[in-house]
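Counting starts at 1 for both ligands and their atoms, following the listed order.
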Amino acid sequence: MKTMILVIGANGQVGSVLTKALQDKYGKENIIASDIREREDSEGIFEIIDATNFDRIKEVVIQYKVTQIYHLAAILSAKGEENPLRSWDINIKTWLNVLEVSRIYNIEKVFYPSSIAVFGTSAQRNNTPNDAYLDPVTVYGISKVDGENWAQYYHVKYGLDIRSIRYPGIIGYQSLPGGGTTDYAVDIYHKAVLNETFTCFLKEDTALPMIFIDDAIRATLEIMEAPIENIKVRTSYNIAGSSFSPKEIASEICELYPDFKIEYKPDFRQDIAENWPKSIDDSEAKMDWDWKPQYDLWSITETMISKLIEQYK
Ligand code: AKB
């Protein structure tokens with residue numbers, strides 16, 4: 001059957017870059033980007049979908065004879081704490097709608113993004129293993145643990161081929177993330193290029209797992225292309241890029257911008273970060289589908305700065 005891919009949440013930090021990567025790989029005519037509103041610069045097929053509406057997802061799946069769904073819509077960790085019940089409702093309802101549509105219309109493959117936010121107070125914080133005990137401290141984290149378990153349930157009970165990655169904080173230049181705890185690691189580069197002082201909402205030595213957008217997108221495409229027998233974890237796979245603190249990013253930025261200034265004003269996001277891993281053990285992803293990151297802190301910094309200089313010209 002012809003591959004037709006529906007991307008839900010195509011306007012977000014991952015969705016926008018992933019949609020382009022899928023268009024390059026499968027052809028623009030085979031990718032349906034969707035979100036609650038259309039982006040001015042969107043190219044190719046676009047459909048408005050509010051993923052809390054089951055019938056709307058169903059309509060698009062039938063209209064385009066969709067064979068794969070990437071479900072990227074979610075409210076992230078920091079934003080989610082503003083209205084926990086609403087965040088829960090959106091994160092879980094949209095996912096259950098996607099799972100049900102996929103079951104009923106025999107979708108071949110589904111992608112579900114999980115997060116390092118699934119880990120909480122009980123997991124070891126250095127080199128956190130894939131199968132650590134999960135007791136998250138944010139509503140976003142709770143919804144991702146739940147989402148992973150629903151993925152496994154639909155796989156075991158209905159044979160749905162759902163593949164999932166626990167993304168670290170994603171650093172990219174194409175769009176600004178919204179509402180995450182790791183977002184400072186994107187904003188900091190914008191401030192550096194604009195020659196502005198950066199006020200960081202985390203303490204200087206708060207290390208978190210991060211990944212460059214190119215690695216995150218490549219990991220997503222690779223797990224989705226891996227032979228089915230290689231996918232042994234049906235909740236979600238840890239993947240690691242590189243781990244670092246605000247102070248470490250600032251010191252790399254100073255190599256390129258010696259006058260760069262950072263000040264620290266930790267807020268409620270510090271508590272979230274303190275319950276997340278400092279670094280991640282991704283040996284299962286490496287073993288099962290050959291995952292390998294390519295970017296370290298220095299290559300992320302060089303690429304972010306040169307791309308942002310272009311953008312701000
Ligand atoms: C967030 O900070 O909430 C996200 C994530 C780690 O999933 N970037």
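With no hydrogens or angles considered, no side-chain donor-acceptor pair links Q152 and E148 at under 3.5 Å. In the model, T220 has a side-chain atom that pairs as donor or acceptor with a side-chain atom of Y167 under 3.5 Å.
A cation-pi contact links K144 to Y112, judged by a cut-off of 6.0 Å to the six-membered ring centre and 45° from its axis.
Salt bridge K28/E43: present, at least one basic N to carboxylate O contact under 4.0 Å. Here D290 does not pair with K292 in a salt bridge; the nearest charged N to carboxylate O distance is not below 4.0 Å.
In terms of hydrophobic clustering, with Ile, Leu, Val, Met, Phe, Trp and Tyr side chains grouped at heavy-atom distances under 4.5 Å, I188 and Y312 are assigned to a common cluster.
Around ligand 1, the residues contributing at least one heavy atom under 4.0 Å from the ligand are L76, S77, S115, I116, Y140, G180, T181, T182, W276.
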